[in-house]
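First up is the structure itself, then whatever we jot down about it.
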Amino acid sequence: MNARMFAVRAAVSVLAVAVVSAEVRAADFNWKKFQGKTVTFLANNNPVAQALLTYKSDFEKLTGMTLKVDGYQEQQMRQRLVTVMNAHSDEVDVFMTLPSREGEQFAAAGWYADLSAMAKNDVAKEYDPSGLSQALLKAATFGSKLTSMPMNIEGPIFYYRTDIFKKCGIEKPVSIKDVEAAAAKIKACDSVVTPFVSRGLKPAVAYTFSNMLHNIGGTYIANGKSNLCSPKGKEALDTYSRLLRDFGPPGVVNYSFQQISALYRGGRAAMSFESSNELRTVMEGGARLKDTALMPFPAGEAGQVPTVIGWGMAVSSYSKQPDVAWYFVQWATSPDVQKKMALQGIAPPRPSVANDPEYRKWIDEEPVRKQWQAALDVLATKGSSEVGYPIVANPESREFIGQAVQDLILKQKSVDQACADADRALDALIAQK
Amino acid sequence: MLDAAATLTQDRQRLELSALSAPAVIFTVAMIAFPVVYTIWLGFQSFSSTGKQSFVGLANYSKLIVDTEFWHGLWVTIALYVLSLVLQLVFGIWLALVLFHAKRLPGIVRSLFISPFMMPPVVAGMMWLVILDPSLGAANYILQCFGLPPSEWLASPTWVIPTVALIDSWQWTPYVALIVLGGLQSLPPSVYEAAQIDGASPFKTFQRITLPLLLPTIVTAAILRSVDLLRFFDIIYITTQGGPGNASNTLNIYGFRVGFEFFNIGYASALMLTLTAIVFGAVLAFNRLRGAVAW
């Protein structure tokens, strides 16, 4: 036996022992281990948490624990979290987090407990941690620390009105240039409808703009410096702002998902580039069910590099009962709960759930749901989690991206000036330790 | 001997009363003093994006002097303050006069007139956000019905401050009116009877009698609204979040973002303490004015 074969056999033996011991541990797993304990969950009052908390009593029945929910709107939730964490308080055990936004920052601040060991050793047989989206697990890993478990998968997708496209003689767009050409045709063909709408509100812009930048082939950082003034960066800024300025609704600089969904659902926009999470809102009332098609945002010179993110559940590093908190995280991100949430329109971060017959049946009920799932599949396989700058001060970086886009929409600066001003501010952020 | 005993009893009673009220006094002082002292202390600290803290002395205040966003925020705060205060005082006095003279106005109508300020500002902000939406809102529809061009309202860098001032004035003018109405009802009728006998016109009566006599009440209303207007946050946050660009980025909104979105609590505290000093300055100035116009 040569050395290589010996090494392979040794590795296989170790893996076999590990698998067997993990299975033994899983078989030993007892959901009632922490009966009588209370877990405090700081939740963002969004559709993901709302869907999850529908099953709150199931968790309490399964574990005998009490789940105390502290729910706020997204921004208020973060304020509460900052206050609690800065005080090193243990009053929050589990909180919702967006790794793409605050992951670097919270990880550097030491606010996340490391879930790696618990996700490996303290799991129920049916949990299957490796069944979760590997891209999202990777996005939630900072250093070697696994900081949160994915709750859902989402990203901006392209909604468009097939009836208006047909009326104006427009083919399904396959490139960004096609989107702009379609918008111009719609503007001439139907003056009542807004040709294109996406995010213009300063802090919200990065979510959709990142997809455009990556499709065009741009990057946020090159050689340690902000790269918005690169030719690709300028092209992305120019194209995104031109689409909104020339073909967007008046007042688009105040538009985020609420306004976009309301406009599209009301039949007053022909194309919308907005979150996959908005499907339920957009389809409310059923008016858009038969005249809407969905797909990832059309390709640029670099092809399709959609943005993919997901909410995660993290355990606070100041929690005095991380093992108890982990039971809640595990239950909330288990295949069974994620399947139930998927049937409420929360895209599952587990391919196994996406292939579940009951879920497939729900998807197959409407063509638009099929397209939605197909778009999400592309997001899951080709997506990038980079929304704004991959730095600790990511939330602040989004402000400067938004400012540059707004300056162009409002024609307050030239592209060169807007990107130069943004790069200057962003270089300072990148330099911050 | 008796006097000494009485003094002793009085002293003892005073001591007992002090001891009984001490917990409440200490609690109240602590509740007021602690946040202020803590914020002053935070103003001397620097917090990195990761929450790491270090003592920086007056660095936050020197940063403030060269921070263009601070000066812009200050300008926006003052512009919004002046515009809103003027609108609210002018229309508040007018509304108070209407309510004072229209004695037959049914109670329900009077209640409706003053109802906006009872509405939570978040609700008012959401409501106006919908009304002023350039695409879907009723405001542009009404303008177009009269053949007027549509406006971008909150989405226009030029119009955002007047629009926010209008929303705040819609909500708080009735409050000013209520204060002024109280002042009007307390004015001595004999002065008006004398003016009538002298043949003074209604305008002259208002100019020479009502307005001067109402001045202390108006200044009180101005003080109350000044404190609120300089701390103005909720409606701006709901409607524009400081945008478009940074056109409505008041010191309050800026401080909030620095503190709670960028986690630089130290610099945010320095910003808020500066704003507090401005509020105190405005209140002191109005207090002096009130002293000058008292009758």
Side-chain angles (χ1 to χ4, degrees), chain A residues 73 75-76 78-83 85-86 88 101-102 104-111 193-194 197 200-204 248-256 258-259 262-263 266 268-269 391-399 402-407 409-413 425 429 432-433, chain B residues 38 42 45-53 68-69 122 126 128-130 132-137 139-140 143 149-160 163-164 236-249 253-254 256-268:
Chain A
Q73 293 302 315
Q75 191 49 45
Q76 284 67 34
R78 283 204 186 92
Q79 282 167 37
R80 168 111 176 95
L81 189 68
V82 171
T83 312
M85 291 306 195
N86 273 326
H88 296 195
R101 184 186 188 275
E102 64 241 4
E104 291 265 8
Q105 194 170 26
F106 288 9
W111 291 355
V193 80
T194 298
V197 63
L201 187 70
K202 196 162 65 169
V252 72
V253 285
N254 279 343
Y255 269 54
S256 188
Q258 300 98 328
Q259 294 78 13
L263 194 77
R268 300 185 64 172
I391 54 173
V392 169
N394 173 285
E396 205 168 348
S397 79
R398 297 181 182 204
E399 286 284 311
Q403 182 69 57
V405 168
Q406 286 203 341
D407 285 341
I409 294 173
L410 297 167
K411 287 187 174 176
Q412 291 186 321
K413 287 178 187 167
L429 281 189
Q432 274 179 16
K433 296 291 170 207
Chain B
Y38 186 58
L42 285 175
Q45 309 290 317
S46 172
F47 291 78
S48 70
S49 301
T50 58
K52 300 226 167 30
Q53 185 183 345
T68 50
E69 201 59 48
V122 173
M126 293 298 291
W128 280 102
L129 191 63
V130 173
L132 297 173
D133 185 291
S135 301
L136 305 167
N140 273 351
L143 283 183
S151 170
E152 291 205 351
W153 304 107
L154 295 160
S156 155
T158 316
W159 286 104
V160 66
T163 308
V164 172
I236 306 177
Y237 191 73
I238 293 291
T239 53
T240 68
Q241 294 189 16
N246 57 0
S248 60
N249 206 19
I253 297 282
Y254 182 47
F256 171 81
R257 305 201 91 142
V258 169
F260 289 105
E261 289 184 18
F262 312 147
F263 302 152
N264 192 346
I265 304 285
Y267 188 49

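Computed from a predicted structure; not experimentally measured.
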Work out which heavy atom in [X] is nearest to a heavy atom in [Y]; give both atom names and the distance.
| X | Y | result |
| --- | --- | --- |
| Gln412(A) | Pro157(B) | NE2-CG, 3.6 Å |
| Tyr255(A) | Ser135(B) | OH-OG, 3.5 Å |
| Gln241(B) | Pro203(A) | OE1-CG, 3.6 Å |
| Tyr237(B) | Gln76(A) | CE2-NE2, 4.3 Å |
| Gly251(A) | Ala155(B) | CA-CB, 3.1 Å |

Which atoms of [X] approach chain B - backbone, side chain, both or neither, heavy atom under 4.5 Å:
| X | result |
| --- | --- |
| Leu81(A) | neither |
| Gln403(A) | side chain |
| Glu399(A) | side chain |
| Leu410(A) | side chain |

Query raised in the report: In terms of heavy-atom proximity below 4.5 Å to chain A, should Leu129(B) be classed as side chain, backbone, both, or neither?
Result: side chain

Report task. Please look at Ser151(B) and chain A and tell me whether the side chain, the backbone, both or neither of the residue comes under 4.5 angstrom of a heavy atom of that chain. Result -> neither

**Report entry** Inter-residue atom distance Arg398(A).CZ - Glu261(B).CD, 0.5 Å rounding
**Finding:** 10.5 Å

Report task. Look up atom CG in Asp133(B) and atom CD in Gln259(A), then write down how far apart they are to the nearest 0.5 Å. Result -> 7.0 Å

Report task. Determine the option with the most heavy-atom pairs under 4.5 angstrom with chain B, choosing from Arg78(A), Lys202(A), Gln75(A). Result -> Gln75(A)

Report task. Identify which of Asn254(A), Val252(A), Asn394(A) forms the greatest number of heavy-atom pairs closer than 4.5 Å to chain B. Result -> Asn254(A)

Report summary line: Interface check, chain A: of Gly259(B), Gly245(B), Gly243(B), most non-hydrogen pairs under 4.5 Å belong to Gly245(B)

Query raised in the report: Is any side-chain heavy atom of Phe260(B) closer than 4.5 Å to a side-chain heavy atom of Thr83(A)?
Result: yes

